[in-house]
S.K.: 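Below are the structure tokens for one structure; questions will follow.
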Amino acid sequence: MINTKYIIYSLIASAFFVLGSCKVNKGFEALGEYNYFEAKKQLEKSLKRDKSPSAYGLSLIYFRNDNPFHNLDSAYHYGLLSVESFSEAKPKKQLKWEEQLNFTAATAINHRKQISDLGYEKAVNTNTVEGYKYFIANYPWSHYIESAERKRDSLAFVLAKMKNTSHVYLEYLKNYEDSDWEQEVKPLLYRAQFDETIEPNKTESYMEFIRKYPSNPLVRDAHFQVFSIETQANTIQAYNRFIKRFPNNPFVDDAWTSLYRLSISDYNKESIERFAKDYTEFPFPHLIQQDLQLVGQNLFQFIQSGKYGFMDEEGIIMIAPHFEYAGPFKNGLAVVTKQGKYGYINKNGELLIDYQFDDALDFDQARAVVEVDGLYGIIDVSGNFILPAEFEDIGSFSDGLTYVEGGEGYQFYTLDGSLAFSTVFEEAFAFTDGRAKVKKGNQIGYIATDGSFLCAVSNGNLRHFKDSIFVHEFRDSMNLMYGNGEYLFKESFDQIGILNNNRAIIEKDGVYGYINGKGEEIIPMKYIPFANYMQFAQFEHNHVVYKKGQKYAMMDSLGKSVLPALFDGIGTFGELIPVTKGKGWGYANKDVRLKIDYKYDYAYPFIKGTAIVEKDDLFGVINVNDEEIIPIAHASIKRISNDFLIVKSGGFFGLYNNNGEVIVNAEYNRINEHSKNLFQLVKGQTIVYYDVSKSKFISLKE
């Protein structure tokens, strides 16, 4: 409560000595003596002659809470009357009030402020929409008006959200124009209209929503849902039917494009020409002409005078070298740069998408991620933005979805740029096999492609194990969990490893064993952990290394011993198994017979009859007969797809096949696997290719 006792006393005391015998003076004299009955009597009588100071005195009486007349409404009435009537008095009388009573317009206004402050305090204490409305209507001069309006709007917003109907949201927007929550209410209104109309997976309900709420921004989503429902079979027939039934749907062009791509899925001249004949109304005839010209054409990057261009398989220049950089062709387009900006060309060298991006990725599923001013968006093959460049991060498309990081958090979008679902996450990862890991609030879990949680926990961490089974990690314990939150095991483990070869490590109380993908214990917990065992005790080729005492052994996926505990180290299972007894590495067979002596510094696993070995910091390749098919004379050797080996010698790279035959001499700065059986060879500013299937170099003709 705002206390004015001392203010009033000071005012009355100072005026007491100058008061005459008039009623207003007598009223103030009685008020100074706390004689409220007499003061009220005299001031009411003086209202007609000295309205402003008398109303002020009466307001003081009603304002104070130490007398039986205390009433805030009456204090308000007389306080307002005091201010409004002051200007009605002649200047001479106003001067007299100031001299005799120390009363001015400022005195009345200040008291009115005290009344309104108390009114605001009362409104805050009651904290109702009606209370704030009353204060705003009755105290328009108060400096708390904006605060009251904001509190009123905020409280009304909370109440509207509790009811969560489109009618309530419409009433809010009608009654609280320019509210700070207007931009929050509108999306809720749009969503409520959507939810009140839509029956999931029923086309007619989406069409009704479109008819009823044409200006609702979710109309596009409704159109997309119609498109998705009607074309979910992803067949030529489904797209054909959609185009005929919904010619005005904004995704009809996508339907035409999908119909076209499905119809020419084998991508040959005959199928393209057949489509052109069957679909004369196709709205993109230029695509047909373009594909007819470019179908079957393989182009390869080259560098000439520091610029990138493209050549055909014969080394003939097809696109002149005038690009600062050019990437490979994907979906018929290649990334190119000019003056630091990125665009895309087709196989004719035509700039189909202008140099406008700060960075750009290759196309994937007819979509590409691009960067503009440090933010990311997605474009289609026509260069149109599917998602505007206003996001902090965009993932790759998987299962038809990609995560997008915006100001509010992470959301998932479809290939057409529509929200897959409205949920916003604090963290999100790409989909894999129909599930994605996310974090929302205190929940960490995995969602399906419709946004529903497959499994979630509010404490610890969660990782996928297999199918609908997850690993719940909490503090120092782990357990397998179904999506409904039920645990597979009655007791938790200290460790549960990843599943590999249908086997995963489980460890508890200092011993470990293995379970299968169903959580069944296949190999009992009786093995003692060793250094980095969670890495090195993983099954490979259905076999695993374990330690017994101070030696290592190997068993199969059923726990049957393959190699006894005789070795200081055992490598990966294969035709021959790398083993060591401490002074060197050799190879043993499954009968524990040493087939290749302990003479290497390290021995890698046998793959397709060959193995990489290391000796004196040099690498080579041997066969099962311990014959060097690639001499032990190389700085490094790396396997590629199990069929080829990239070797490094004298600072340069070369290429061998798995039989040890030289394919490309070691004279290149870099060798990349461009595609199956095709390698890109880089030497300085020169790029050539080698086609293993044709035993042919592809290089620019001079």
Side-chain angles (χ1 to χ4, degrees), residues 494-508 510-516 521-630 632 636-639 642 645 658:
D494 297 332
Q495 291 285 349
I496 298 179
I498 61 172
L499 191 68
N500 197 27
N501 290 168
N502 198 32
R503 296 291 182 270
I505 295 172
I506 52 171
E507 189 248 308
K508 187 176 179 66
V511 291
Y512 74 93
Y514 294 87
I515 57 175
N516 63 14
E521 186 174 293
I522 304 300
I523 300 175
M525 290 189 295
K526 62 180 181 179
Y527 300 96
I528 305 300
F530 54 91
N532 299 317
Y533 83 103
M534 289 298 292
Q535 175 184 354
F536 296 112
Q538 298 286 346
F539 270 87
E540 291 186 72
H541 306 304
N542 296 312
H543 289 76
V544 73
V545 175
Y546 65 96
K547 194 171 186 180
K548 187 175 182 181
Q550 298 300 313
K551 300 295 182 180
Y552 289 91
M554 177 175 279
M555 60 182 168
D556 65 16
S557 59
L558 296 177
K560 181 181 178 181
S561 177
V562 175
L563 294 180
L566 300 174
F567 306 99
D568 292 334
I570 301 176
T572 303
F573 181 84
E575 299 163 81
L576 294 178
I577 306 168
V579 292
T580 181
K581 287 192 172 181
K583 294 184 178 180
W585 284 81
Y587 291 88
N589 63 13
K590 290 176 282 188
D591 297 326
V592 203
R593 293 182 180 178
L594 191 68
K595 303 298 290 184
I596 298 176
D597 198 14
Y598 304 109
K599 61 180 182 178
Y600 299 109
D601 295 337
Y602 193 74
Y604 293 84
F606 267 92
I607 298 174
K608 290 189 174 183
T610 65
I612 300 171
V613 293
E614 181 181 357
K615 190 172 185 179
D616 298 330
D617 294 328
L618 296 174
F619 294 82
V621 177
I622 61 173
N623 60 21
V624 293
N625 297 319
D626 196 24
E627 297 169 338
E628 291 185 21
I629 62 173
I630 298 178
I632 305 175
S636 69
I637 298 179
K638 178 183 177 183
R639 267 188 202 278
N642 294 337
L645 301 111
N658 199 48

S.K.: Taking all non-hydrogen atoms of both residues, which atom of Y527 and which atom of G559 are closest, and how far apart?
M.R.: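 Closest pair (atom of Y527, atom of G559, distance): OH-O, 4.5 Å.
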S.K.: Measuring from M525:CE to K508:NZ, what's the distance to the nearest 0.5 Å?
M.R.: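 If we round to the nearest 0.5 Å, M525:CE and K508:NZ are 7.5 Å apart.
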S.K.: Kindly indicate, with the supporting measurements, whether the criterion side-chain contact (heavy atoms from CB on, under 4.5 Å) is fulfilled by V613 and I596.
M.R.: CA-CA 12 Å; V613 293; I596 298 176; over 6 Å; no
S.K.: Any side-chain heavy-atom pair from V592 and F567 closer than 4.5 angstrom?
M.R.: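 A side-chain contact exists here, since the closest heavy-atom pair is under 4.5 Å.
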S.K.: Locate the shortest heavy-atom distance separating E575 from I607; write the atom from each residue and the value.
M.R.: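 Taking every non-hydrogen atom into account, OE2-C, 4.2 Å.
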S.K.: Any side-chain to backbone donor/acceptor pair from N589 onto D591? Under 3.5 Å, distance only.
M.R.: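 The answer is yes, because a donor-acceptor pair under 3.5 Å joins these two groups.
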S.K.: As an exercise, state the distance from CD1 of I498 to CD of Q535, rounded to the nearest 0.5 Å.
M.R.: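 These two atoms lie 10.0 Å from each other.
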S.K.: Would you please classify the geometry between the Y604 ring and the F619 ring as parallel, tilted or perpendicular, with 30° and 60° separating the classes?
M.R.: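 If you compare the ring of F619 with that of Y604, the planes turn out tilted.
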S.K.: Could you give the distance from CD (E614) to CG (D601), rounded to the nearest 0.5 Å?
M.R.: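 Those atoms lie 6.0 Å apart.
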S.K.: Does the ring centre of Y514 sit less than 6.0 Å away from the ring centre of F539?
M.R.: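 Close enough - the centres of the two rings lie under 6.0 Å apart.
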S.K.: Nearest 0.5 Å please: distance from the CD1 atom of I612 over to the CZ atom of R639.
M.R.: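 If we round to the nearest 0.5 Å, I612:CD1 and R639:CZ are 5.0 Å apart.
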S.K.: From I522 CD1 over to I515 CD1, what is the distance, rounded to the nearest 0.5 angstrom?
M.R.: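 It comes to 9.0 Å.
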S.K.: Can you spot which of D568, L566, L563 makes a side chain to side chain contact (heavy atoms under 4.5 Å, CB included) with K551?
M.R.: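 Looking at D568, L566, L563, the match for K551 under the side chain to side chain contact (heavy atoms under 4.5 Å, CB included) is D568.
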S.K.: Do the ring planes of F606 and Y587 sit parallel (below 30°), tilted (30 to 60°) or perpendicular (above 60°)?
M.R.: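 Plane angle over 60°, so perpendicular.
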S.K.: For R503 and N542, does a side-chain donor sit closer than 3.5 Å to a side-chain acceptor?
M.R.: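 Not at all, the side chains of R503 and N542 share no donor-acceptor pair under 3.5 Å.
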S.K.: Where do N658 and K608 come nearest, in terms of heavy atoms and distance?
M.R.: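 For N658 versus K608, the nearest heavy atoms are ND2-O, 3.0 Å.
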S.K.: Within the 4.5 Å heavy-atom criterion, are Y598 and V579 side-chain neighbours or not?
M.R.: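 Side chain of Y598 against side chain of V579, heavy atoms only: contact under 4.5 Å found.
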S.K.: Might you point out which heavy atoms bring P605 and A611 nearest each other, and give the distance in Å?
M.R.: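 For P605 versus A611, the nearest heavy atoms are O-CB, 3.6 Å.
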S.K.: If you look at every heavy atom in I622 and Y600, which pair is closest and at what distance?
M.R.: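 Distance-wise, the nearest heavy atoms are CG2-OH, 3.7 Å.
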S.K.: Is it the case that atom CG in D617 sees more than 12 heavy atoms from other parts of the structure closer than 6.0 Å?
M.R.: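 Result for CG/D617: open.
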S.K.: Is there a side-chain contact between I632 and D616 in this structure, where contact means two heavy atoms from C-beta onward sitting under 4.5 Å apart?
M.R.: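 Counting from C-beta outward, I632 and D616 never come under 4.5 Å.
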S.K.: Could you check whether W585 and Y602 have their ring centres less than 6.0 Å apart?
M.R.: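 Centroid distance Y602-W585: below 6.0 Å, so yes.
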S.K.: Parallel, tilted or perpendicular for H543 and F573, by the 30°/60° rule?
M.R.: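 Parallel.
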S.K.: To the closest 0.5 Å, what do you measure between CD1 (I496) and CD1 (I506)?
M.R.: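 The distance works out to 7.5 Å.
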S.K.: Kindly indicate, with the supporting measurements, whether the criterion side-chain contact (heavy atoms from CB on, under 4.5 Å) is fulfilled by E507 and Y533.
M.R.: CA-CA 11 Å; E507 189 248 308; Y533 83 103; 3.1 Å; yes
S.K.: Could you pull out the closest heavy-atom pair between G586 and A603, with the gap in Å?
M.R.: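 Reported closest heavy-atom pair: O-CB, 4.4 Å.
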